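Note sheet for the following structure.
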Amino acid sequence: MPDEVVAALRGAEWVTVLTGAGISAESGIPTFRDALTGLWADYRPEDLATPEGFRRNPDLVWNWYRTRRTGVGAALPNLGHRALAAMEGLVRHFCLITQNVDGLHARAGSRDPVELHGNITRVRCFDCARQPASYPDTETVPRCDACGGMLRPDVVWFGEMLPEGAMARARDAALSAEVFLSVGTSNLVEPAASLPWVAGRHGATVIVVNTSTEGQRFGPGIFHLTGPSGSVLPDLVHRVWGHTVR
Ligand code: APR
């Protein structure tokens with residue numbers, strides 16, 4: 001692990017982290033595309049993750065998300081999630097931004113992650129946006145108690161806006177960061193993809209944690225810790241703060 005990485009984190013008062021599907025890989029959660037197998041192999045992302053697809057076949061989309069939500073419910077946060085929850089208590093100002101919809105950061109103890117793409121364990125009304133208290137585990141699309149509209153997963157579909165306020169919080173945290181960690185993301189889907197480089201342009205040290213360097217940026221102030229986040233992040237927390245992640 002480069003000394004510059006350890007020194008930058010040790011001295012930092014503001015740390016911002018962006019995570020993607022890679023951090024949940026060791027919890028056994030497939031990415032959206034990886035999950036398009038078996039029964040779902042004949043469908044395209046546009047059938048399952050767009051408002052148009054939902055209007056065309058609400059029961060199909062409902063059951064796709066219900067299946068994935070069941071998988072998420074059976075999974076457990078891993079050492080990578082737990083290392084980030086620990087880091088939050090070790091740094092003065094900390095912000096965790098995630099593109100994942102699995103809710104595993106909160107289950108690992110992270111206090112208020114910015115969920116840019118929503119959360120698969122919640123639903124809201126397609127028409128009035130009201131959120132029922134619990135997840136209705138039905139085989140046909142459930143209806144809103146308030147207006148009778150269809151309930152949908154509370155995630156961001158292709159072509160939809162990010163949740164109000166989430167991107168603003170993420171941007172502010174990127175601009176404030178002295179160190180920005182980009183963990184387990186291919187950094188391809190905007191607007192999240194730009195956040196590490198925005199932080200870097202504003203003087204942050206950027207640390208990329210990924211099993212692969214494919215598609216990632218290189219340059220001054222950018223460091224790559226190549227390996228699974230479930231081992232790299234606990235190692236990092238131990239090296240920098242002497243804290244053992246369990
Ligand atoms: N540790 C660290 N990185 C890993 C691990 C691991 N154990 N396993 C895989 N990775 C890396 C891969 O090398 C890849 O760079 O995680 C990244 C996962 O990339 P994507 O599947 O593209 O996931 P993500 O970047 O989160 O995708 C962004 O795209 O499909 C949409 O809305 C969806 O939120 C998602 C967004």
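Residue indices begin at 1 and follow the sequence shown. As the structure is a prediction and not an experimental result, all values here were calculated from the model. Order of appearance sets the numbers: ligands from 1, and atoms from 1 within every ligand.
Numbered from 1 in the order shown, with element, the atoms of ligand 1 that lie under 4.0 Å from a heavy atom of Ala25 read 8 (N). Applying the 4.0 Å criterion to heavy atoms of Arg33 picks out, from ligand 1, the atoms 30 (O). Proximity to Pro228 (heavy-atom distance under 4.0 Å) selects the following atoms of ligand 1: 1 (N), 6 (C), 7 (N). Numbered from 1 in the order shown, with element, the atoms of ligand 1 that lie under 4.0 Å from a heavy atom of Thr31 read 21 (O). Those atoms of ligand 1 that come under 4.0 Å of a heavy atom in Gly20, given as number and element, are 26 (O).
Taking the six-membered ring for Trp and thresholds of 30 and 60 degrees, His105 and His81 have ring planes more than 60 degrees apart, a perpendicular arrangement. Note: Phe158 and Phe32 have perpendicular aromatic rings, judged against thresholds of 30 and 60 degrees for the angle between ring planes.
If you take CG on Leu76 and CD on Glu26, they are separated by 13.5 Å, rounding to the nearest 0.5 Å.
In this structure, Asp47 pairs ionically with Arg44, as a charged nitrogen and a carboxylate oxygen lie closer than 4.0 Å.
The closest approach between any non-hydrogen atom of Thr211 and ligand 1 is below 4.0 Å. Ligand 1 is never approached by Glu214 to a heavy-atom distance shorter than 4.0 Å.
Relative to the six-membered ring of Trp64, Arg69 misses at least one condition, a distance below 6.0 Å or an angle of at most 45° to the axis.
If you look at Gln99 next to ligand 1, the close heavy atoms, those under 4.0 Å, come from the backbone and the side chain alike. Proximity of Thr185 to ligand 1, defined as any heavy-atom pair under 4.0 Å, is shared by backbone and side chain alike.
Residues Val61 and Leu48 share a closest heavy-atom pair of CG1-O, 3.6 Å.
For a threshold of 3.5 Å applied to N or O pairs, the pair formed by Asn210 and ligand 1 contains at least one separation below that value. Not one N or O of Val189 is nearer than 3.5 Å to an N or O of ligand 1, by distance alone.
Checked against a 6.0 Å centroid threshold, the rings of Tyr135 and Trp62 count as neighbours.
With hydrogens left out, the protein atom closest to atom 26 (O) of ligand 1 is Ala21 N, 2.8 Å, a heavy atom. In this structure, the protein non-hydrogen atom closest to atom 22 (O) of ligand 1 is Ser186 OG, 2.5 Å.
Each of Leu96, Ile23, Val114, Asn187 was checked for a side chain to side chain contact (heavy atoms under 4.5 Å, CB included) with Leu18, and the lone residue meeting it is Asn187.
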